[in-house]
Each structure stands twice: as structure tokens, then as C-alpha cells.
2 protein chains.
Amino acid sequence: MDEPRWLNEREMAAWRGFVAATNLVARHLERQLKEDAGLSHTQYEILVQLSAAPGGSLRMTDLADRLVTSKSGLTYQVTQLEKAGLVGRRSCASDVRGVFAEITDAGWETLRAAAPGHVAAVREALIDVLTPDQLTALADSLGTVTDRLRSTDR
Amino acid sequence: MDEPRWLNEREMAAWRGFVAATNLVARHLERQLKEDAGLSHTQYEILVQLSAAPGGSLRMTDLADRLVTSKSGLTYQVTQLEKAGLVGRRSCASDVRGVFAEITDAGWETLRAAAPGHVAAVREALIDVLTPDQLTALADSLGTVTDRLRSTDR
DNA sequence: ACCATAAGGTTCAAATTTGAACCATCGGAC
DNA sequence: GTCCGATGGTTCAAATTTGAACCTTATGGT
């Protein structure tokens, strides 16, 4: 077992910053969405993804990949949203096993109502705190991280 | 209600990158730690914070702040770690209400055993994927984000 | 000293998450 | 055509997280 390459100061700062920012931002958004729109961030993201997809619908697996959640977790949340009338399930014609989640009119309405507050919270937590150059660099770096992990971790 | 300032392309890229990277990295580490050391990332972080604190111990509230978790969540995890013999509780002399969590010898041992694999995973997911300049910029930006949110959200 | 209020932790029930097991069905190899 | 290993989703129990309620002790103001 080789001597591990410990993190130097710069690396440690980046890592600790990442962990802290991650948790704080998540908390910030979770609270805002719950209070103002009665949605969890996951639920909000489901609506966003569906609203952006052609036909307002996506296959469950596809949706799970985009959200970076487990399949069972998605099943649960979609069921919740279904009970609330914000999404519906539709079976897939070409594959009997397949299920489409589809955003409903009420879902669109909820999303439209929630979006402004959410965007404001995102600005407050992340966007408006950084300069344009910093944002570009951030998007670039995190894009790289995302791409690597998506290919590495299946 | 004013027309909200929607995110432009740059801002959206930064935000989506943040959300995706956040989830993917968390997943990556959670899996690695669980498999190789039988710890959740939260538990690992508790050990790290305690190991870095003078006397190997911290007040519960202090610890909760550093971990960015709810107090009840911390109570739960510390209890788990206590059952496993990795930390202990000690009451505070100057404040009867206070409780110190303290890392045990077994805790040190577990941490020492888990650290190399964890560092490797952190490198694989985040550090080694970016250039030194990118890391510096990232640490800087996320530091700003963290500072703002820490002062804003109580 | 006395009170009102804040702070420190725990407890509790409810909501969520996770991974493994499971049940089909799909698709390609033979 | 038939078989077998992947795929798509759900289900289940167990682990975790959350926020509110609660109890106790500190503390600042009067």
C-alpha cells in the first residue's frame, strides 16, 4: 500500500469549500422551496426536467439519471407528485416495461408559481455572489467534474 | 411582484453544473466510504472534525455547525458512532447543559484506516480532475459562497 | 434576587432515501 | 425459435433526516 498523496493546502481549501458550499446551498434552497412552494428540491427538479422535455414527459430511468437519484427514490417522489396531481404516469407504447412521467397542467402551474422564488434563492446563494468570470470558471470546472464522474461511475 | 431576473446561459451553466457535480460527488464518496470503511460521509466528517479539534472533542452544537447538519441529525449520528465505540460523550464542566463529543482510540484507528481511500476518492472525483489554477479559483469562489450563506442563514 | 427569554441537547413521529430482492419483458446469440 | 443475461420499474424493510415539541439550564435586564 503506497503512501497516500495527502491534499496540500490549496487542494484542501477547494475540498472543504466544496463540502461546505454544497451543504449550505442545498439547505438554503430546500428551505426556500419548502416554505414558499411546498416542494422539496428533488420534486422541483422533477418538474423542471419534465417541463423542459419534449411532450413534457420522460422515461423514469432517464429522469433518474438526470436527477442523479436512485431509481427507487424517483419512484417514491413521482408517486408523491402524482398524489398531488402535479405529474402523471403513462405507459410506453414501444416497451411494455417502460413508464413515462408526465407533467400535468397543475404541475406547470405550480412550477410557474415556484420558479421566481427559486431563481431568486439561487441568485442569492450562488450566482449573484460571484463575478461573471468566476461563474464562467465555475461552470467550466464543475462541468469537467460532472463529465468525468458520469463516465466513471457508470 | 417584479419580473424575476432569469438566469442567462452562463449562469444557468454554473447552476446546473453545481447541482450535478454536487450530487455526483456526494454519491461517489458515500459509496466509497461505505464500501471500504463502513462509514457514511457524515460519520467520517464527524471523526475528521473531532480529530482536528484540540483534545479530540467538540461541543455538539459546534460540531453541528461545522457539519452543516441539524442538531437532531447530529445527535443521531453521534449515538451511532458511540454504539460503534468510535466516539464518546462527556459532559461539560462549565455548562451543565453542554455535551462534548470526543473521538476514541478506536475512532482514531478507524479514521486512520479510512483516510487514504477517502483522499483517493476525493482526488478522483474533484481534485485531480482540475488544474491548480482551477482549484484555486474554485476554492476562492466556494469560499465566498460559504461565507455569505453562513452569515445570511443565521 | 426575579423573570423572561435564549441556548444546548434530546426525543418523537413523519417523510425521505437507500439498496437489495423481485417481476416481468427485451434483445441478441445461437 | 429458445435461452440467457441485461433492462425498466416497483416493492420492501431498514437506515437516515427533518422539524417541532420538550426539558433543563444560562443569562441579561430591572
Side-chain angles (χ1 to χ4, degrees), chain A residues 22-24 26-46 57-84 87-102 153-154, chain B residues 22-24 26-46 57-84 87-102 153-154:
Chain A
T22 275
N23 291 325
L24 285 167
R27 247 178 155 44
H28 184 75
L29 290 181
E30 207 67 57
R31 192 169 52 60
Q32 182 274 323
L33 275 173
K34 192 77 77 182
E35 274 178 17
D36 298 350
L39 295 172
S40 67
H41 189 218
T42 305
Q43 295 175 333
Y44 182 84
E45 279 296 312
I46 291 175
S57 71
L58 286 171
R59 288 286 290 270
M60 294 295 279
T61 297
D62 195 352
L63 194 45
D65 283 346
R66 301 187 193 215
L67 297 189
V68 192
T69 331
S70 61
K71 288 186 301 176
S72 57
L74 179 63
T75 292
Y76 175 77
Q77 285 298 357
V78 166
T79 302
Q80 294 309 106
L81 288 172
E82 198 172 20
K83 286 181 189 164
V87 311
R89 280 185 226 244
R90 199 158 44 68
S91 53
C92 174
S94 62
D95 184 341
V96 187
R97 299 168 304 173
V99 173
F100 279 102
E102 184 175 25
D153 295 4
R154 173 181 1 147
Chain B
T22 275
N23 291 326
L24 285 167
R27 245 177 157 45
H28 184 75
L29 290 182
E30 206 68 58
R31 192 168 53 60
Q32 183 273 322
L33 275 173
K34 192 76 78 182
E35 274 178 17
D36 297 351
L39 295 171
S40 67
H41 190 216
T42 304
Q43 296 175 332
Y44 182 85
E45 278 298 310
I46 291 175
S57 71
L58 286 171
R59 288 286 291 271
M60 293 296 279
T61 298
D62 195 351
L63 194 47
D65 284 345
R66 301 188 192 213
L67 297 189
V68 192
T69 330
S70 61
K71 287 187 301 176
S72 56
L74 180 62
T75 292
Y76 175 78
Q77 285 297 355
V78 166
T79 301
Q80 294 310 105
L81 288 172
E82 199 172 19
K83 286 180 189 166
V87 311
R89 282 185 225 246
R90 201 159 41 70
S91 54
C92 173
S94 63
D95 185 340
V96 187
R97 299 169 304 175
V99 173
F100 279 102
E102 184 175 25
D153 294 4
R154 172 180 7 136

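In what follows, chains carry the letters A, B, and so on, assigned in the order in which the sequence lines appear, proteins first and then strands, with residues in each chain numbered from 1.
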Quickly work out the A:Arg90 CZ to D:dG8 C1' distance and round it to whole Å.
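These atoms are roughly 16 Å apart.
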Counting any heavy atom closer than 4.0 Å, what does B:Gly73 reach on the DNA or RNA strands: base, sugar-phosphate only, or nothing?
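Contact class for B:Gly73: base.
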Check every strand shown and say whether A:Thr42 touches a base, only sugar-phosphate, or nothing at a heavy-atom separation below 4.0 Å.
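The answer is sugar-phosphate, as A:Thr42 gets under 4.0 Å only of primed atoms, P, OP1 or OP2.
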Is the phosphate of D:dT10 approached by A:Arg89 (side-chain N or O, under 4.0 Å from OP1 or OP2)?
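For D:dT10, OP1/OP2 do have a side-chain N/O of A:Arg89 under 4.0 Å.
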Within the structure, does a side-chain N or O atom of A:Thr61 lie under 4.0 Å from either OP1 or OP2 of D:dT7?
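False: A:Thr61 side-chain N/O out of range (4.0 Å or more) of D:dT7 OP1/OP2.
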Find which nucleotide of DNA chain C each of A:Gln77 and B:Phe100 is nearest to by heavy atoms, and output the residue with the more 5' nucleotide.
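The residue closer to the strand's 5' end, by nearest nucleotide, is B:Phe100.
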For A:Val96 and B:Asp95, find the nucleotide of DNA chain C closest to each by heavy atoms; which residue's nucleotide sits nearer the 5' end?
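It is B:Asp95 whose nearest nucleotide is closer to the 5' end.
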Could you tell me from which nucleotide to which nucleotide of DNA chain C, 5' to 3', there is an atom under 4.0 Å from chain A heavy atoms?
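Result: C:dA15 to C:dC26.
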Between B:Gln43 (side chain only) and B:Gln77 (backbone N and O only), is there a donor and an acceptor less than 3.5 Å apart?
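Looks like no, no N/O pair under 3.5 Å.
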At what distance, to the nearest 0.5 angstrom, does [atom1] of [X] lie from [atom2] of [Y]?
X       : Y       : atom1 : atom2 : value
B:Leu24 : B:Arg27 : CG    : CZ    : 8.5 Å
B:Leu67 : B:His41 : CG    : NE2   : 9.5 Å
B:Lys34 : B:Leu29 : NZ    : CG    : 12.5 Å
B:Leu81 : B:Arg89 : CG    : CZ    : 9.5 Å

Could you tell me which non-hydrogen atom of B:Leu63 sits nearest to which non-hydrogen atom of B:Ala101, and how far apart they are?
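Distance-wise, the nearest heavy atoms are CD2-CB, 4.1 Å.
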Minimum heavy-atom distance between B:Phe100 and B:Ser57, given as atom pair plus value:
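Heavy atoms of B:Phe100 and B:Ser57 come nearest at CD2-OG, 3.8 Å.
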Are any non-hydrogen side-chain atoms of A:Thr69 and A:Glu45 less than 4.5 angstrom apart?
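Not in contact.
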B:Ile46 vs B:Leu74 side-chain heavy atoms within contact, under 4.5 Å
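The answer is yes; the side chains approach within 4.5 Å.
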Given that A:Arg97 and A:Ser72 both sit by DNA chain D, which one's nearest nucleotide is further toward the 5' end?
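Its nucleotide being nearer the 5' end, the pick is A:Arg97.
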Between the two ends of the helix from C:dA1-D:dT30 to C:dC30-D:dG1, what is the bend in degrees, rounded to 10 degrees, where each end axis spans five pairs?
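Answer for the end axes of this duplex: 30°.
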